[in-house]
*Asks:* 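Quick one: structure below, then a few questions.
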Amino acid sequence: MEKLIIEGPSKLKGTVEISGSKNSSLPILAATALFGEEYTIKNVPRISDVHTMLLLLETLGAEFSFYSNDVHIDTRKISKWEAPYDLVKTMRASVVIWGALLGRFGKAKISLPGGCAIGDRPVDQHLKGFRALGHDTEIVSGYLESFTSNNTGGSYRFEIKTVTGTENLILASIFAKSETVLYNCASEPEVLDLINFLSSLGAKITKTGGTIKIVPVSSLSKQNEPYCVIPDRIEAGTFLALASLPGNDIEITKCAPDDLVSAIEAAEGVGSVVKLGDNSISTHPADDLNSISLDTGPYPLFPTDLQAQFMSVLILAGGTSKIVENVFPNRFIHVAELRKLGAKISLDANIASIVGVRGLTRASMQASDLRASASLLIGALSASGRSEIHRVYHLDRGYESIDNKLESLGAKIWRKNE
Ligand code: EPZ
């Protein structure tokens with residue numbers, strides 16, 4: 001295992017290019033299994049979660065190449081419809097292969113994705129949705145087993161907004177017997193990116209607010225041009241948090257500011273002056289940060305995936321800030337680690353109260369999940385002295401070459417084997 005060593009405090013200056021979206025790439029790659037064809041997907045980030053998804057698709061019979069950020073994948077030879085435990089357990093997002101296999105073969109056997117650091121990650125909405133749409137689904141010795149009846153389609157109203165739940169039901173409905181209408185769907189940009197990808201292949205999907213309608217087709221068409229994945233709004237938001245720290249001067253490029261409205265409001269709330277271009281965000285941070293309150297929620301509310309990163313900014317803000325985590329039950333694991341830097345954070349159920357401090361001091365910290373790792377990185381860059389972040393493989397799951405990107409901004413950061 002590797003650890004990151006960071007010499008702080010850093011004053012970062014320069015331009016950072018945002019990579020393609022992890023949470024778009026994963027469902028779009030899974031969607032290539034829905035219809036056996038050759039596909040080219042561009043702007044795919046070189047991160048371990050993408051490699052895990054490609055390995056899963058290869059296990060099912062697909063062939064792929066991945067050069068630079070372009071994936072060429074041939075899914076014509078996919079013949080298996082079972083996603084094995086050893087791959088599903090490492091990445092919850094592999095659950096979206098469920099809808100693709102069900103749509104293609106009329107059956108799918110997926111290991112229960114299991115829990116992770118941020119919660120037990122249930123799939124009850126996926127399961128209820130599949131059943132409501134004519135796919136008999138049971139849990140058999142730790143596996144989700146679905147078999148399609150002759151009467152697929154209909155409607156389902158999600159009881160809670162779920163991103164991969166929405167994506168799974170879309171994938172399973174493309175070739176249904178009759179029309180499908182899904183209510184109370186997730187509206188994250190990554191869901192729209194999946195819909196755009198499927199529509200580019202001839203799928204008939206319309207989204208009006210939280211309602212998605214799918215008119216079934218009998219097959220999809222060949223790609224007439226490569227599909228380019230949207231920029232990663234969570235990576236961009238991570239750098240926006242970093243750019244909001246006093247003394248930094250960072251321009252974020254190749255991003256989609258329209259996908260980051262709530263994060264930009266938070267950055268302005270702490271005192272940053274933010275300038276937007278079509279694909280760029282420039283931030284002039286305040287010398288003294290204001291405290292703010294943040295409530296996470298489904299898009300377009302403030303993203304739970306940026307909660308930890310903005311906490312690392314608020315620990316240095318004057319006064320007391322509050323963060324309410326409304327999406328996941330256990331997404332404050334980074335708090336104990338940030339306290340090692342000298343942060344003053346108290347927790348009461350899903351509410352974090354943060355009393356700003358003047359400065360932070362180096363510490364040795366343990367990463368626990370992807371976004372918490374980014375929060376520790378931001379904290380270490382602000383702290384005086386040499387910090388260490390252990391188990392950095394969590395960070396590599398979702399950030400492409402983040403240490404190189406930070407180094408190019410002037411950070412003193414390097415990797416070492418544990
Ligand atoms: C997606 O996860 C993202 N992952 C997550 O990003 C993100 O945090 C999350 O959406 C929320 O925005 C990908 O897109 C690959 P959910 P997902 O189903 O779909 C509950 C990252 O760091 N729920 O939208 O798994 C669930 O427990 C990752 O990039 C049910 O109760 O999340 C949670 O409280 C972390 N039953 C809430 O809904 C279900 O059947 C939202 O979960 C499904 C979900």
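In listed order, ligands and their atoms are each counted from 1. When reading the values below, keep in mind they use all heavy atoms of this one structure, side chains included, and skip hydrogens, waters and symmetry mates. The structure displayed is predicted, hence computed values, not measured ones. For the single chain, residues carry numbers from 1 onward in sequence order.
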*Asks:* Report the distance from atom CD1 of Ile73 to atom CD1 of Ile41, rounding to the nearest 0.5 Å.
*Replies:*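 So the CD1 of Ile73 and the CD1 of Ile41 are separated by 8.0 Å.
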*Asks:* Any non-hydrogen side-chain atom of Thr283 less than 4.5 Å from a side-chain atom of Phe239?
*Replies:*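 No. Closest side-chain heavy atoms not under 4.5 Å.
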*Asks:* Heavy atoms only, cut-off 4.0 Å: how does Thr162 contact ligand 1, side chain, backbone, both, or neither?
*Replies:*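 Both backbone and side chain.
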*Asks:* Considering only protein heavy atoms, which is closest to atom 20 (C) of ligand 1, and at what distance to one decimal place?
*Replies:*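 Going atom by atom, the protein heavy atom closest to atom 20 (C) of ligand 1 ends up being Ile160 CD1, 3.9 Å.
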*Asks:* Below 4.0 angstrom from a heavy atom of Leu370, which ligand 1 atoms are there? Numbered from 1 as shown, please.
*Replies:*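 Ligand 1 atoms under the 4.0 Å threshold to Leu370: 22 (O).
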*Asks:* Have a look at ligand 1 and work out which part of Arg331, if any, has a heavy atom under 4.0 Å from it: side chain, backbone, both or neither.
*Replies:*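 Within the 4.0 Å criterion, Arg331 contacts ligand 1 through side-chain atoms alone.
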*Asks:* Has Glu190 got any heavy atom lying under 4.0 angstrom from an atom of ligand 1?
*Replies:*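 For ligand 1, residue contact (heavy atoms, under 4.0 Å) with Glu190 is absent.
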*Asks:* State plainly whether the residues Asp305 and Arg331 are in salt-bridge range, i.e. N to O under 4.0 Å.
*Replies:*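 Counted as a salt bridge, because a side-chain N and a carboxylate O are separated by less than 4.0 Å.
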*Asks:* What distance separates Ile97 CD1 from Leu60 CG, expressed to the nearest 0.5 Å?
*Replies:*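 Rounded to the nearest 0.5 Å, the CD1-CG separation comes out at 5.5 Å.
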*Asks:* Looking only at heavy atoms, is any part of Arg92 under 4.0 Å from ligand 1, and if so is it the side chain, the backbone, or both, or is it neither?
*Replies:*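 Side chain only; the backbone of Arg92 stays clear of ligand 1.
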*Asks:* Look at atom 17 (P) of ligand 1 and say which protein heavy atom is nearest, naming residue and atom and giving the distance to 0.1 Å.
*Replies:*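 Going by distance alone, atom 17 (P) of ligand 1 is nearest to Thr164 OG1, 3.5 Å.
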*Asks:* What protein heavy atom sits nearest atom 34 (O) of ligand 1, and how far away is it?
*Replies:*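 Closest protein heavy atom to atom 34 (O) of ligand 1: Val327 O, 2.5 Å.
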*Asks:* Determine whether the side chains of Gln125 and Glu159 contain a donor N or O and an acceptor N or O closer than 3.5 Å.
*Replies:*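 Glu159 and Gln125 do have a side-chain donor-acceptor pair below 3.5 Å.
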*Asks:* How far is atom 26 (C) of ligand 1 from its nearest protein heavy atom, and which residue and atom name does that atom have?
*Replies:*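 Result: Phe328 CE2, 4.2 Å.
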*Asks:* For Ala93, is at least one N or O under 3.5 Å away from an N or O on ligand 1?
*Replies:*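 The answer is no, given that Ala93 and ligand 1 share no N or O pair closer than 3.5 Å.
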*Asks:* Does His390 reach the side chain of Glu418, with side-chain heavy atoms less than 4.5 Å apart?
*Replies:*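 Touching, per the 4.5 Å side-chain cut-off.
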*Asks:* May I ask you to list the atoms of ligand 1 that are less than 4.0 angstrom from any heavy atom of Lys22?
*Replies:*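 By the 4.0 Å cutoff, the relevant atoms are 21 (C), 29 (O).
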*Asks:* Short question: side chain of Ser373, backbone of Asp369 - any donor-acceptor pair under 3.5 Å?
*Replies:*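 Indeed, once roles are kept as given, a pair shorter than 3.5 Å links the two residues.
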*Asks:* Near Gln125, which atoms of ligand 1 are under 4.0 Å from a heavy atom of that residue?
*Replies:*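 Atoms satisfying the 4.0 Å criterion: 36 (N), 39 (C), 40 (O).
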*Asks:* What pairs with Val324 under side-chain contact (heavy atoms from CB on, under 4.5 Å), at least two apart in sequence or on another chain?
*Replies:*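 Partners of Val324 by the side-chain contact (heavy atoms from CB on, under 4.5 Å) criterion, ordered by chain and then number, come out as Asp295, Lys322, Asn326, Asn350, Ile351.
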*Asks:* Of the non-hydrogen atoms in His334 and Ala372, which two are nearest, and what is the gap between them?
*Replies:*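 Minimum heavy-atom separation between His334 and Ala372: CB-CB, 3.8 Å.
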*Asks:* With a cutoff of 4.0 Å, is Pro122 in contact with ligand 1, counting heavy atoms of the residue only?
*Replies:*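 Right, Pro122 reaches ligand 1.
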*Asks:* Can you find an N/O atom of Asp124 closer than 3.5 Å to an N/O atom of ligand 1?
*Replies:*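 N/O-N/O distance under 3.5 Å: yes.
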*Asks:* If you take the nearest heavy atom of each of Asn168, Thr166, Thr304, Leu194, which one is closest to atom 12 (O) of ligand 1?
*Replies:*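 Considering heavy atoms of Asn168, Thr166, Thr304, Leu194, the nearest to atom 12 (O) of ligand 1 sits in Thr304.
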*Asks:* Evaluate Asn23 for polar contact with ligand 1, using N/O atom pairs at a separation under 3.5 Å.
*Replies:*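 Yes, there is a polar N/O contact under 3.5 Å.
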*Asks:* By side-chain contact (heavy atoms from CB on, under 4.5 Å), which residues pair with Tyr183, not counting sequence neighbours?
*Replies:*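 Testing Tyr183 for side-chain contact (heavy atoms from CB on, under 4.5 Å), a comparison that skips the adjacent residues, returns Ser155, Arg157, Val181, Thr211.
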*Asks:* For atom 8 (O) of ligand 1, grab the closest protein heavy atom and report residue, atom and distance to one decimal in Å.
*Replies:*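 Closest protein heavy atom to atom 8 (O) of ligand 1: Asp305 OD1, 2.6 Å.
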*Asks:* Answer yes or no: is there a donor N or O on one side and an acceptor on the other, between the side chain of Arg371 and the main chain of Gln307, under 3.5 Å?
*Replies:*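 Judged by distance alone, no pair lies under 3.5 Å.
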*Asks:* What's the shortest distance from atom 2 (O) of ligand 1 to any protein heavy atom, and which residue and atom give it?
*Replies:*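 Nearest neighbour among protein heavy atoms for atom 2 (O) of ligand 1, to 0.1 Å: Arg121 NH2, 3.5 Å.
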*Asks:* Under 30°, 30 to 60°, or over 60°: which ring-plane class applies to His126 and Trp98, parallel, tilted or perpendicular?
*Replies:*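 Taking Trp98 first and then His126, their aromatic rings lie parallel (interplane angle under 30°).
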*Asks:* Quick one: which ligand 1 atoms are inside 4.0 Å of a heavy atom on His126?
*Replies:*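 Every atom of ligand 1 under 4.0 Å from some heavy atom of His126: 40 (O).
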*Asks:* Any atoms of ligand 1 less than 4.0 Å from a non-hydrogen atom of Arg371? List them with their elements.
*Replies:*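 Within the 4.0 Å cut-off of Arg371, ligand 1 contributes 21 (C), 22 (O), 29 (O).
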*Asks:* Decide whether an N or O pair under 3.5 Å exists between Val163 and ligand 1.
*Replies:*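 In this structure, Val163 places an N or O atom under 3.5 Å from an N or O of ligand 1.
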*Asks:* Do Thr32 and Glu37 come close enough that some side-chain heavy atom pair is under 4.5 Å?
*Replies:*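 No. Closest side-chain heavy atoms not under 4.5 Å.
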